[in-house]
Structures are given as structure tokens and as C-alpha cells.
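This report concerns only the one structure given below.
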Amino acid sequence: MSKRLFVLISVLILASMLLAACGGTGGGATAKTLKIVSSLPMTGSSLTQTQTIVNAMQLRLDQAKNTACGGKYTIAYEPWDDASAALGKWDPAVETENANKAAADKSIVAYLGTFNSGAAKLSIPILNGAGPLVMISPANTNPGLTKADKDLPGVTDSYYPTKVRNYARVVAADDIQGKVAANFVKSLGAKTVYILDDQELYGKGVADVFNATAKEIGLTVLGQEGIDPKAADYKALMTKISTSNAGGPPDAIYVGMVVDNNASQLLKDKVSIMGDNNKVKYVGPDGIQTQAFIDGAGADIAEGAYASVAGVPLSELPASGKQFVKDYEAKYGPLTEPYAVYGYETMNVALKAIEDVCTAGGDPTNRESVRAAVFAIKNFDGALGTWSFDANGDTSLTDMTFYQVKGGKYVSVGTFK
Amino acid sequence: METTKKKNFNLRSLGVLVLVLYIVFLIGPIAGLDVPTIAASIKANPLQLIQFLIIGISNGAIIAIIALGYTMVYGIIELINFAHGDVYMIGVFTSLTVLSLTGTLNSTNPVQIVLGLAFALIIAIVVCASLNATIERLAYRRLRNAPRLAPLISAIGMSFIIENIGLMWAAQAWLVPSFGTTGGASQKVFPDMLSALFKATGFNGGDVNLLVASGLPLRLTVKDILVIVLAVALMTGLYLFVQRTQLGKAMRATAQNRDAAKMLGIDIDLVITATFLIGGGLAGAAGLMAGLYNNTAWWFMGFRAGLQAFTAAVLGGIGNITGAMLGGFLIGLLASFSDGYLNARWTNAWVFATLVLILLFRPTGLLGEQVGQKA
């Protein structure tokens, strides 16, 4: 049996190698291939959001028929996963590996990602030294990635060892989100607030901004604590919070976290100890604005919880954005997740940069040309509206929309600046 | 199962203790150990102390039951069965699936809720027991005489495999409609059946909190009581089984010296399989209990539960059944008090610092036991 099997397998391997080789030469003869990759957490609760982002990126590429510069270049897109089953969310080791892989593959001209700010912090410096390879994020909101924090001088600069900026994002940062959220909580009539975070760069970052703003605008911050994102429950913590306001519960709780970090369990224990979300308001950032958060907690438990997301609701997007929603739903079914349109926009920006390089007579296989073209984007007519990148790589759009859970779905309740 | 000779504190360990206390009170305030504040909050709300006690014991009970699985397996074959926490996760999903398939999820009929829960408990125990025994058969048995790292690695491998099974399971909305469309990775709701039971019967005013009528600001729910009672019953049963039955005796003999036990005619394979069956069954029961208590099913929940249970087993003295229970309750209480009076950010640091401290003075754990001669 063994000899025959061996021969059979050898023949099969040889045949497949031959086929693969044919495929390679066949493709190379017609057009050069430019590769675009995305690095997003696709093992863990964030998958609900990241899958729609990947779908949207693919959609934009399909619309461009996978080509650029009038057919001179073929665009290949690969969605990479930066999460691991071992952590159940984005994994520093995997993200670093992805960045190194991208740095080494010369055909890659744009790195779309990351989803988590903590992950971006790791890959920006790696890609900065590789060309630099431009990185465009659909979802990172930690301010420090692009803007120097006056309390932590030099941190932002340390992400860019070559001193050239190679990181841009199409979403407004948390210096805006945290500030708007604090004002929003005050507008709900709250006077006291307890703040929790998931101890990550993103979650703690937005919670810190919220904390600082809350104090400025006269909200009483009863405390800020980091939760253990893998704990079985938070009943003891919620019991403590339930008497933190002179023996009673606070008016509101703000949670800076992503859904992977046990966000649903935290809400369950809050409701079981302190009652529904109308009594003690529950507000979070974009990390929990996903159906996975509601489904994980149960619609009745999640009822009344708020979450903010940069930008306007899908129904108020400009015409090109509405067209995107239509195209998306025709291909992938109903769209409720807010980040898909940002995913679409990142691919949009990458393709636009490649086209711009070609138009200017440059070489889009050159990473530096593509990077410069991304940062040169001004008054871009995209799916999110007309906007520009500033010198830091931040978008000029600063709208922030609040959503509330009503009947098991997030419903927009207002857009603020 | 006699405890070993107690080591007397000599001058050196006293010195270490003083040093440790000095460090705790020097660095402690950073991690929330602020004695005046803690004293003030206890004074302001003394009943809350009892509340944290209840929460700690309930959480500890679940950890303790899982810890039994670790400690039994370690006692017998000196293997840390890293997949054990994930077997517990499968227990949660099994009971949730059984509840869904029998239509118990949406039922408001108290009889069906009780019967459904009992049925789910049995199925979860059977499934997890078989799963655990299968893991032993597939991944550990052939490596029994291999270097000790080999079964450890295959245990970690099994853990990942089961986690991924959980990941796929949670995506099967056709099986359990309440899983929804958000994929296997997100947390799923384990319905609050006990609250539903109270609402259905109207008992205690339909409130799951037994102290609601007393007007005290305390919550002692039926969930707490069920978890604690079930845990203590299972642990007592296990203790009696190991101490009083023939198979239990064979287990103890195998734990003491595998080769000698074999020479005396004990079927080692049978004993080991029985150990895995019992450990898995306990994990299955813990799965249903945790589901009812925390109302969450999540493919990743086994990891942390396993870590804490393993810590509990080490804390109590690995290989010792009473020690594992003690360790479980201790960790539950530590976490609860740290969340309540210190700072949640540092809870894990406090739990593991305590572990280090205890192992520093009692390397064999609280009720430490000499395990085998094979180490």
C-alpha cells in the first residue's frame, strides 16, 4: 500500500506544483500586481464588526474590478487576522508578525488596519521603517497615535522612528469622542458618573479623556477603575459601585472598552445589581456599538444602553455613502454595523492614492510615493462626505453620533460635534 | 491523605514575612490597599461586607468544582490537564443546547423549567465526562511514559482544539436560535432560568433575591444558594467516593505509587479513565451552574476559569481534594474583596501575590500533600 500511495502523492504534488507555476506566469504576463492587505481581529467578538469591514473593502475593490491605473496594475487584497484563539481578541504577537510580513513583502503598497489602537502602536514603527509602508486605519481612535499628548511628550514621535508620518485614519479620534461623550452624559441629566475601562490603550484612553472632560464640565467622577477583561463576573465590583454615590448608585456609568473584553458580562452584572439602564445610565464608546454586544447581554438587559460612534448614522450619509450601503446590502445582506463604511473608505483612499501616483506619472509600486499620495488627499469626495487628511493623518470630520439600544437594536439618537 | 509534617517557622522565614509585609504596605497603596479608606467604607456600609462574602463564596464554589478536576488528575498521573477548563466551557454550551432543544428556554411552565434543568445537568455531566475520558484516551495515554513535557504540550493542544469547537458551536444558530447571527466569537446569553422560575411561580414575590422582603440592602439569591449547595454536595460526594469505595481506594493507591498499585492487580487504565470521567462530570455540572449564575456562554470562558481553578488546586495543595475546595473558595473571596475594597485593576495581582506568598511558606500548598515519587 505504502509504495503506491507514495507514488500517487508524489505525482499529485508535482502536478499541483506545475499548475501553480502556470498560474504564476499567466498572471504576470498581463499586469503587475499590487497587494493591499488588511489586519483586523477576526477571531473574537469583534468579528461581527471586522467582517463587515472586510466585506466593504472587498466591495470597493470589486467596484474597481481589481485593477488600477487603467488596467496597468492588478490589485490583490488579502484580509489578515491579527487575533489569536489563545487570546480571543487581537494578539500583540500576531499583529507584530503581520506587520513584519507586510514589511517584507515588496508587492504590498498599503496596510489597512488596525482595528485596535493597541495593535496600531505595535505596527506603525515596524511599517515606518519599511519604505515607509502606509497604514490606513478604519477604526483606531486613540489620540496618541497621531497627536502628541502634552502629558506624555515624545510618545507619539517614538512611533515614527524615521520621522516620516506613515499612519492615517479615516475615523475621528477619542480626544473628540471622550469629550463629546462626557457632554452627552451631562445632557442626560447625570450629575455623578463612575468610569470603568478595559485597561487597553483604546479603552483606557477614551475613558481618561472622558474623565478629564467630565471634571471640567462639572460632573462628579466617583471613581475610575480597570476591569479584568476575562473575569467570570463583576458582581462584587458592581456592588461597590452601587453604593459609591453617598450610599446610592451613580447617575451614570461610562465604560471605555471593546466588546471582546467581556463587555456583555459587565452590563449583565450592572443590571442585576443596579437595575435597568434608564435608572443608572450606561454609556460606552464605539467599541461596544455592535450587535454582538446586545446579543451577548440579551436585548432586555441591553435596552437603554448608549454608545457613540464617529461620523453620522448610515441613513444620513451623503449620496455616495448611501450608494455604498445599497451596494453592500445587495451583496452581503442588511448592514447595521457602523464600521463597514469606514472600511470602504480606507480601501477608497488606498485606491485613490494609487491612481494619483499613476496620474502624476509616478510608480505605484514605490511605497513612499503611495504614502505621500495618501497624505496629500484633500477635499476627498468619499462615502463619508467631503474631507481631508491633516499633516498628522487625522480626518477633518469630527461628527459623533450617539446610539441607544431600543428593542434589541442600536438606534441613533443624535449627532454632536 | 495525611498532611505532611508542619514546618516550624524559623527565624529566617520570619524575616521573609517581615520583608513581605513591608513590601505589601509600601507598594500596596498603589494597588488600592488604602487602609483608612477601606475602614471607612466598611464602617459606612458594614452589610456590604456580607454581600462580598456571598459573592465570593458563590464564585469560589464554581472555581472549586473545576479545581477538583485538576487536582484529581494531577494526583493520579501528575499531569496538568490544561484542557479541563475548556471541558467546563463545553459543559456550558451542552446545557444551553439541551435547554434550547427541549424548548425550556422560552417556557414559563415551572415544571418544565425544573425538569429541563435536571435533564440538562445530566446531559452536561455525561457529555463532559465522556469528552474528558476521550481526551485522555487520545492525547495522554500514549504519552504516559514519555517525558513529562510531552503530555503537557498535548494538553495545551487539546485546550486549543476544544476552544475552537466551542467557537464553531456558538455559531450554530440552527441548533440554538438564541445564538443569533453575530457568529461564534461573541458572547451568548445563557437565560436566567432561575429568575424565570421565580417569576413563573410568583414565589417570594417573583423575586430571585430571597432577602428582598427583609428590606436589607443585601442580595442572597437562589442562584447563590443553588451554586453553593450543589458545590458542597458534589464535593462531599466526591470525598466520600474517594475515601469509602473500592474504586476510590484504587485511585488513592494509584496516586501513591502507580507501579506498586499495578503489581497489586489494580487496573491502572480503568482507574485513570474513571478519574477523567469524574473530573469531566464535575466540570459539566460546574458548566450548568456557572451558566445559571452568570448567564453567559462564551467559547473563551474556559480559559480563565481553568487558570483560576488550577491556581486554586495549587493553593490548596495539588492532589488534595479538600485543599482544592479550600483554594477555590479562597480565590473567590480574594477576588470579591479585592474588587470591592481595593481596586479592580489590581485584583489579579492580589490573587496571584497571595498565591506566591502562600507557596513561599508552604511550597506544597495549604493542605499540601506528598504526591508520588515520580517527580
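Lettering follows sequence order; numbering is per chain, from 1.
Distance OG/A:S242 to CD/B:Q51: 8.0 Å, rounded to 0.5 Å. Of the inter-residue distances, the one linking B:D339 atom CG with A:T239 atom OG1 reads 9.5 Å to the nearest 0.5 angstrom. With rounding to the nearest 0.5 Å, the separation of NZ in A:K240 from CG in B:N45 is 13.0 Å. To the nearest 0.5 angstrom, A:I273 atom CD1 is 5.0 Å from B:I55 atom CD1. Atom CG in B:L167 sits 8.5 Å away from atom CG in A:L47 (nearest 0.5 Å).
Comparing A:Q199, A:M42, A:Q291 by how many heavy-atom pairs each has under 4.5 Å with chain B, the most go to A:Q199. The most heavy-atom pairs under 4.5 Å with chain A, out of B:W298, B:F303, B:F337, come from B:W298. The most heavy-atom pairs under 4.5 Å with chain B, out of A:S272, A:G298, A:A231, A:A263, come from A:S272. Chain B forms the most heavy-atom pairs under 4.5 Å with one residue out of A:L237, A:D233, A:D197, A:T48, and that residue is A:D233.
Shown here is A:K279, whose NZ atom has no more than 12 heavy atoms of other residues, nucleotides or ligands within 6.0 Å. Within 6.0 Å of NZ on A:K281 lie more than 12 heavy atoms contributed by other residues, nucleotides or ligands. Environment of CH2 in A:W80: crowded, with over 12 heavy atoms of neighbouring residues, nucleotides or ligands closer than 6.0 Å.
In this structure, A:K235 is positioned above the aromatic face of B:Y293, its NZ or CZ under 6.0 Å from the six-membered ring centre and within 45° of the axis.
With a 4.5 Å cut-off on non-hydrogen atoms, A:A83 does not touch chain B at all. Contact of B:N164 with chain A is made through the side chain alone, with heavy-atom distances under 4.5 Å. If you measure heavy-atom distances from A:L87 to chain B, the contacts under 4.5 Å come from the backbone alone. In this structure, chain A has heavy atoms under 4.5 Å from both the backbone and the side chain of B:N295. For A:N262, the parts sitting under 4.5 Å from any heavy atom of chain B are the backbone and the side chain alike. Using a 4.5 Å cut-off between heavy atoms, B:T347 does not touch chain A at all.
Closest non-hydrogen pair, A:T243 versus B:Q48, comes out as OG1-NE2, 2.8 Å. When all heavy atoms of B:V189 and A:D295 are compared, the closest pair comes out as CG2-O, 3.0 Å. Residues B:L342 and A:E225 share a closest heavy-atom pair of O-OE1, 4.3 Å. Between A:A236 and B:S336, the shortest heavy-atom contact is CB-O, 3.5 Å.
Between A:Q265 and B:T296, the side chains place a donor N or O and an acceptor N or O closer than 3.5 Å (distance only, hydrogens not considered).
Between A:D228 and B:R304 the shortest side-chain heavy-atom distance falls below 4.5 Å.
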